[in-house]
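Since the structure comes first, as structure tokens, the remarks are kept for the end.
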Amino acid sequence: MSIVLFLISILLPTAGGYVLVGGETALSRIERIVYSFFIGTGLLSFYMFSLILLNTPISTRSLLPFFTFFLVIGVFRWRTILKAFPLPQWPRLLGLSSGKKIVFWILAVFILWKLIFMVFMALSGPTVFNDAYTCWNYKAKVIYYTHTANMTSEGEGVLHERFNQYPLHLPIIRAWIAFCLGHWDDRFINLYSIILFICLLCLVFEFLKKMTGALNAMIFTYVLSAIPVLIYNFISGYADATVGCFFLASLVMLFYWDRTEKMRYIFFSGILASVAMFTKNEGAAIVYPAILSTFLLHLVFGQRSWKQILGKLGLFILSSSLIVPWLMRAPALNSIVAVSGIDNTAVSFHPEGLGPLMNNLFVFRSHNLFWSGIIVLLVWKWRAALRHAARFFLMPSALALCATLYVFLFTLNVAWLIDGTTINRTLLIVIPVLALAGGLLFVPAGDSVVVVPHDRCTAVNEAESGYR
Amino acid sequence: MFTVEYLQVKPKSDCIRNKHNDGCALMMIKDKLSYVVIWYWGRFVLPLTAFFILVHPVPAAGYEWKASDGLSGWHVENVSSVQSTGEGIRIYGQSNATDFLLLAPEGIIRDASYIKIRLRSMSIGSYVKCILMSRGKIMLSHTYELYSGRSWKEYVFDMRGANIREHPIDFLAFTFKHNENVEIKDVTVVGPSFSEISWIQGLQSRHVNLLYPFTVFGYSLNVVLLVTALALGLSIELYRRVKLKKSSLALMCATLLAFSIILDVREIYEERAIMKSAYDDYLDAPLLEKRYFWQENLVGFTDFIRENINSGSRIVHFFGDEDRYEYFRYLLYPIKVEQGKGSLADVNAVWESDNTRVVGNKIIRDGQAVADGGKGIAFSPKSFLYLKDTP
């Protein structure tokens with residue numbers, strides 16, 4: 001029964017998100033589901049947070065308006081949504097020779113093992129990792145049992161004495177799952193992170209498949225799944241890899257806007273960026289500036305009038321302003337400042353961090369050969385890196401990486417680099433985007449890939465597969 | 001890239017039969033590339049993969065003792081009895097001693113870089129220490145806290161810091177502290193050799209069963225593979241200039257991917273061990289023997305407390321270390337948990353640590369009795385539910 005209730009807790013917000021994203025034929029069917037999940041859960045967490053701010057207890061009654069709202073929109077959009085409703089479809093390995101198919105399926109088996117491992121670990125027992133039981137899941141448990149959150153550091157039903165500055169997306173969604181289950185069960189609460197991981201892999205695979213082909217997509221999806229620290233971060237129920245998911249999702253949406261000029265992709269991208277900020281403060285300190293600067297750059301150099309630029313920029317800022325109520329809280333702002341190291345009077349280069357950084361990136365096996373591989377690829381395919389598709393993702397990931405390295409090499413946060421803990425986690429924010437950018441280095445020369453409505457893609461692919 | 005038109009008229013089999021057909025030029029390049037990739041994988045990558053994955057290197061200057069064969073010259077001190085268990089030997093410490101020793105036969109171990117011991121113990125808060133002795137002096141020692149549970153766990157001691165040339169090793173000893181008994185499966189001593197790189201560092205971490213979330217050690221395999229990949233990359237580039245232009249990147253990527261898979265196989269080895277540990281120590285274990293990774297039996301302890309307190313109890317005082325307190329608080333929520341200090345609540349949980357003990361009917365903290373006269377119910381030898389006397 002619990003598994004059914006858990007699925008309901010996932011499907012309900014996903015259905016809400018699908019009302020918004022379901023009609024987007026430029027996205028593949030799987031992409032639409034993934035984005036529905038991301039946007040649905042993101043909006044749900046903001047809604048539940050607003051209930052907390054309004055001192056309204058979280059209950060079926062108070063949650064009803066949220067789902068009613070999407071139901072109403074769904075009624076108005078039912079034709080568009082039904083037309084693009086995803087039907088089960090066996091993945092076709094378009095145009096792959098039998099040798100490549102073997103490689104494809106071998107890699108798929110490796111990924112499947114990772115999923116089995118992660119699901120097993122999630123379902124085997126309670127939360128065991130420190131930050132999860134001191135912060136993320138603890139807060140979720142408090143929200144679930146008190147039906148609200150006291151965000152001060154004292155009084156009845158205190159959310160947490162020490163971690164008040166940490167955003168609430170994950171705790172709220174985990175509390176939501178517990179509401180649906182009707183009781184607190186660590187196993188299903190942690191399973192949510194595994195769903196996020198699956199969504200991340202689907203997003204990378206689907207996007208790269210569209211851009212560069214199935215085998216290349218599978219290779220880079222596998223590369224991502226073979227990063228041990230990413231796997232453990234999802235298992236542990238921490239927030240860093242989740243921020244990475246939303247960072248990537250937001251950028252992919254911006255990419256779709258860049259290719260199609262449809263304003264609603266800016267809107268979705270803004271929502272996802274705000275969810276990234278609501279997941280962890282690094283979202284505001286590292287992710288948002290990277291997304292915003294990428295967006296600005298493409299706006300300004302896109303031969304648009306000032307009116308268009310301001311309109312699009314306004315829409316992006318408006319849609320990402322969902323985070324404002326959270327940011328208005330002083331502890332949150334202070335924490336972002338602390339993450340960025342702006343207030344750090346001792347800003348100076350810490351060369352003692354370079355050795356541990358090299359160890360973490362290249363010597364320890366926490367990241368497999370990811371960083372070496374990316375560097376080799378960038379050197380080998382530097383021309384491709386300058387092309388539009390790869391550049392679109394390389395630029396924000398480089399910015400985010402620079403911001404991360406600044407925090408760890410130029411502030412007293414170097415201590416967390418030397419002990420090899422937080423640095424690995426924080427890099428997970430950048431890794432998914434970088435992996436996608438790595439895959440895009442294989443976009444054919446001329447950068448002729450155009451995002452076309454999915455139905456047309458399918459038609460073209462089916463026609464081509466017929467010849468093989 | 002294939003074109004649709006081409007593929008319509010020229011199936012691959014025709015191309016292979018008629019190599020001089022102009023229409024097949026594109027396919028022939030593809031074939032040649034495939035041939036080179038297959039040749040390259042077949043001759044180099046696959047054998048190398050097999051070497052790393054399948055070959056179990058024999059330690060060049062090593063020594064291995066399987067406890068199932070009996071003590072075989074090893075001897076013990078402060079021990080009440082030694083039993084053979086089939087898979088190994090179980091050593092019981094004397095009740096009045098805080099630790100007991102296992103000593104290797106003298107003169108057998110001359111050279112050691114890594115010393116691995118595989119054992120299991122149900123004791124909580126116990127330690128194993130590995131000591132290298134030379135001329136009556138301790139040259140080097142390392143200590144690990146043991147993770148209790150029913151599954152075998154490996155502890156690898158890095159003894160590279162010992163100056164073996166100037167001080168030859170006389171003997172090796174393991175001391176077990178705060179252990180009631182420990183079951184030992186085997187001890188492996190590996191001298192400096194290539195096997196260190198491929199097996200000890202690459203395929204075994206310091207604790208195979210330790211779910212270590214942030215930085216997983218075992219670095220040399222990465223370095224070896226990375227250097228090999230880069231060296232190969234340069235060779236491939238050279239080959240490209242001479243022979244085939246298109247193959248360069250494909251071969252380089254194939255190399256990196258293959259090496260990435262090798263590392264992933266190593267990771268899967270660890271993941272399998274983690275799963276086995278979770279299954280044997282927690283899921284499949286009887287109630288009182290359940291252990292959940294480094295949180296030992298704290299999960300069971302909180303269940304025990306829930307069952308044994310009145311439903312009206314709202315506050316539990318916890319006596320134990322800070323880390324355990326946070327986890328205890330999480331598990332027991334919504335029952336409120338406060339860190340026990342001087343006074344007693346109606347319900348008190350005691351998790352014995354270095355500074356907290358229960359002696360008789362007293363909770364002793366930092367040498368001071370903080371509670372006396374209540375009723376202690378033991379969940380395990382080191383964890384107690386302590387109920388305040390009610391008038």
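Computed from a prediction, not measured in an experiment: that's the story for all the values here. Letters go in sequence order (proteins before strands), and every chain restarts at 1.
- The nearest pair of heavy atoms linking A:L369 to B:L256 is CD1-O, 4.2 Å.
- For an aromatic pair to be called close, the ring centres must be under 6.0 Å apart, and B:Y330 with A:W136 fails this.
- Using a 4.5 Å cut-off between heavy atoms, B:Y292 contacts chain A through both its backbone and its side chain.
- Taking each heavy atom of B:V299 and A:P126 in turn, the nearest pair found is CG2-CG, 3.7 Å.
- Side-chain contact between A:Y138 and B:R329: present, with at least one pair of heavy atoms (C-beta onward) separated by less than 4.5 Å.
- For the atom pair CD of B:E271 and CD1 of A:I116, the computed distance is 11.0 Å after rounding to the nearest 0.5 Å.
- Both the backbone and the side chain of B:L331 come within less than 4.5 Å of a heavy atom of chain A.
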Criterion side chain to side chain contact (heavy atoms under 4.5 Å, CB included) on B:E267 and A:I231, from CA distance to verdict: CA-CA 11 Å; B:E267 197 58 40; A:I231 302 289; over 6 Å; no

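- Judged by distance alone, the side chain of B:Y327 and the main-chain N or O of A:T127 form a donor-acceptor pair under 3.5 Å.
- Within 6.0 Å of CH2 in A:W416 there are 12 or fewer heavy atoms belonging to other residues, nucleotides or ligands.
- With a 4.5 angstrom heavy-atom cutoff, B:L283 touches chain A only via side-chain atoms.
- When each of A:Y144, A:Y133, A:Y145 is tested with B:Y333 by the rule ring-ring contact (aromatic ring centres under 6.0 Å, His included), just one qualifies, namely A:Y145.
- In this structure, chain B has a heavy atom under 4.5 Å from the side chain of A:L107, while its backbone stays farther away.
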task: Determine, step by step, whether A:M121 and B:I274 satisfy the side chain to side chain contact (heavy atoms under 4.5 Å, CB included) criterion, reporting the C-alpha distance in whole Å, the side-chain angles of both residues, the deciding distance to 0.1 Å, and the verdict.
output: CA-CA 9 Å; A:M121 290 310 296; B:I274 290 167; 3.8 Å; yes

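- Residue contact with chain B, scored on non-hydrogen atoms closer than 4.5 Å, involves the backbone and the side chain of A:N137 alike.
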field: Residues B:F259, A:N368; criterion side chain to side chain contact (heavy atoms under 4.5 Å, CB included); working and verdict
entry: CA-CA 9 Å; B:F259 289 173; A:N368 202 317; over 6 Å; no

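- The shortest heavy-atom contact between B:Y282 and A:G125 is CE2-CA, 4.0 Å.
- For the options A:F110, A:F370, A:Y222, heavy-atom pairs under 4.5 Å to chain B are most numerous at A:Y222.
- With a 4.5 Å cut-off on side-chain heavy atoms, B:W294 and A:F129 count as touching.
- Annotation for B:Y279: atom OH does not count as buried by contact number, only 12 or fewer foreign heavy atoms lying within 6.0 Å.
- Sorted by first and then second residue, the salt bridge (charged side-chain N to carboxylate O under 4.0 Å, His left out) pairs with a member in residues 231-240 of chain A read A:D240-A:K280; sequence neighbours excluded.
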